Amino acid sequence: MSPLLELINLSVNYGGIQALQAIDIQINPGEVVTLVGANGAGKSTTLRAISRIVGVRSGKIIYAGQDITQRRASEVVKLGIAHSPEGRRVLARQTVLDNLELGAYIRSDRFGIKADMERQFQLFPRLAERRNQLAGTLSGGEQQMLAIARALMSRPQLLLLDEPSLGLAPTIVREIFSILAQLKTTGVTILLVEQNANLALQISDRAYVLEAGCITLSGNASALLGDDRVKQAYLG
Ligand code: ATP
């Protein structure tokens with residue numbers, strides 16, 4: 001099976017700061033892969049490089065067999081990559097329905113869009129009850145759900161998820177992770193960045209550990225959950 005996504009020798013700089021130093025990552029179709037790492041390790045930068053929000057200094061990004069290293073952000077969405085960024089940036093003054101509609105902006109199949117909205121409401125029942133509510137009046141957890149549902153509205157093959165648990169209460173975090181586990185069964189490939197390494201590894205197939213822009217460890221999620229170095233540094 002050829003990988004859905006390959007980062008080859010990928011480096012990213014912000015001015016003088018080298019945020020990613022020649023990293024290699026492979027993600028197979030249908031896998032859930034987590035990036036584990038401390039603040040500033042380069043996790044968000046990896047997602048931003050893939051969704052082409054930040055420029056690449058050197059190396060390659062290969063997606064579904066195509067070199068997308070020089071593609072624009074709008075082009076990679078059309079190729080099937082969706083990014084739910086850190087901080088759940090939903091449009092506060094628009095309703096839940098309007099936000100979902102926005103996630104489908106690259107599509108013009110009205111019936112398909114409608115059907116996918118209903119699919120999101122099945123996956124996120126809290127959003128179904130609040131479909132006409134302004135997004136800014138949702139709780140933090142509900143806004144995170146909306147950010148994920150909105151990303152799914154472009155029908156991605158690859159979903160990039162940045163810190164879905166950030167700032168949320170444990171019960172809502174568990175709810176979101178159980179939805180992610182459900183999402184995994186639909187076959188979508190997920191690259192997850194998450195501070196809560198314990199929960200993230202539990203729903204992942206594999207993981208990479210990033211330290212100061214370098215990958216220092218990788219392997220099966222179950223093996224990493226039992227790895228002393230990971231336990232000590234990231235599992236509290
Ligand atoms: P966090 O969980 O804190 O977001 P992270 O692992 O996602 O951490 P990144 O946000 O990818 O880390 O940041 C990697 C490095 O790049 C850090 O040193 C950070 O300060 C730097 N950096 C990130 N964004 C920018 C930017 N827009 N301009 C300059 N430096 C940046």
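Ligands are counted one by one from 1 in listed order, and the atoms in each one are counted from 1 as well. Note that the structure is predicted; figures quoted are calculated from it, not measured. Just so you know, these numbers use all the heavy atoms, side chains as well, and skip hydrogens, waters and symmetry mates.
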**Student:** Checking Gln66 against Arg71 for the side chain to side chain donor-acceptor pair (under 3.5 Å) test, could you report, in this order, the C-alpha distance in whole Å, the side-chain angles of both residues, the deciding distance, and whether it holds?
**Tutor:** CA-CA 10 Å; Gln66 290 186 56; Arg71 296 295 188 98; 3.0 Å; yes

**Student:** I'd like to know if Asp205 and Lys184 make a salt bridge, using a cut-off of under 4.0 Å between side-chain N and carboxylate O.
**Tutor:** yes

**Student:** Does Gln70 CD have over 12 foreign heavy atoms under 6.0 Å away?
**Tutor:**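 Not more than 12 within 6.0 Å, no.
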
**Student:** To the nearest 0.1 Å, how far is atom 31 (C) of ligand 1 from its closest protein heavy atom, and which atom is that?
**Tutor:** Tyr14 CD1, 3.2 Å

**Student:** Would you say the side-chain atoms of Gln195 and Asn39 include a donor-acceptor pair closer than 3.5 Å?
**Tutor:**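 Yes, Asn39 and Gln195 have a side-chain donor paired with an acceptor closer than 3.5 Å.
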
**Student:** Which ligand 1 atoms are under 4.0 Å away from a heavy-atom of Glu163?
**Tutor:**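 Those atoms are 2 (O).
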
**Student:** If the cut-off is 4.0 Å to any non-hydrogen atom of Glu86, which atoms of ligand 1 fall inside it?
**Tutor:**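 Close to Glu86: 4 (O).
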
**Student:** Please say whether more than 12 non-hydrogen atoms of neighbouring residues, nucleotides or ligands are located less than 6.0 Å from CD in Gln232.
**Tutor:** no

**Student:** Consider ligand 1: state whether an atom of it lies below 4.0 angstrom from any non-hydrogen atom of Gly42.
**Tutor:**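 Yes, that is the case, since the closest heavy atom of the residue is under 4.0 Å from the ligand.
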
**Student:** Nearest protein heavy atom to atom 10 (O) of ligand 1, by residue and atom, and its distance?
**Tutor:**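 Of the protein heavy atoms, Ser44 CB, 3.7 Å lies nearest.
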
**Student:** Determine the sole option in Arg131, Arg110, Lys114 for which the salt bridge (charged side-chain N to carboxylate O under 4.0 Å, His left out) test with Glu101 is passed.
**Tutor:**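 Answer after filtering Arg131, Arg110, Lys114: Arg110.
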
**Student:** Can you give me the closest heavy-atom contact between Ser51 and Val76, atom names plus distance?
**Tutor:** O-CG2, 3.6 Å

**Student:** Are any of the heavy atoms in Gly213 under 4.0 Å away from ligand 1?
**Tutor:**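 No.
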
**Student:** As an exercise, identify every atom of ligand 1 less than 4.0 angstrom from a heavy atom of Ala41.
**Tutor:** 5 (P), 6 (O), 12 (O)

**Student:** Among all protein heavy atoms in this structure, tell me which lies nearest to atom 19 (C) of ligand 1, with the distance rounded to 0.1 Å.
**Tutor:**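 I find the closest protein heavy atom is Gly40 CA, 4.9 Å.
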
**Student:** Can you pull out the closest protein heavy atom to atom 20 (O) of ligand 1? Residue, atom name and distance to 0.1 Å, please.
**Tutor:** Ile17 CD1, 4.9 Å

**Student:** Considering only NZ, NE, NH1 and NH2 on the basic side and carboxylate oxygens on the acidic side, decide whether Arg107 and Asp116 come within less than 4.0 Å.
**Tutor:** yes

**Student:** Under 4.0 Å from any heavy atom of Gln195, which atoms of ligand 1 are there?
**Tutor:** 2 (O)

**Student:** Can you sort out which atoms of ligand 1 are near Arg48, meaning under 4.0 Å from one of its heavy atoms?
**Tutor:** 24 (N)

**Student:** Would you check if there is a donor-acceptor pair between the side chains of Ser165 and Glu194 at a distance under 3.5 Å?
**Tutor:**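 Yes, because at least one side-chain N or O of Glu194 sits under 3.5 Å from a partner of the opposite role on Ser165.
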
**Student:** Identify the protein heavy atom lying closest to atom 13 (O) of ligand 1, giving its residue, its atom name and the separation to 0.1 Å.
**Tutor:** Thr45 OG1, 3.7 Å

**Student:** Against heavy atoms of Ala38, which atoms of ligand 1 measure under 4.0 Å?
**Tutor:**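 Listed by number with element, the hits are 6 (O).
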
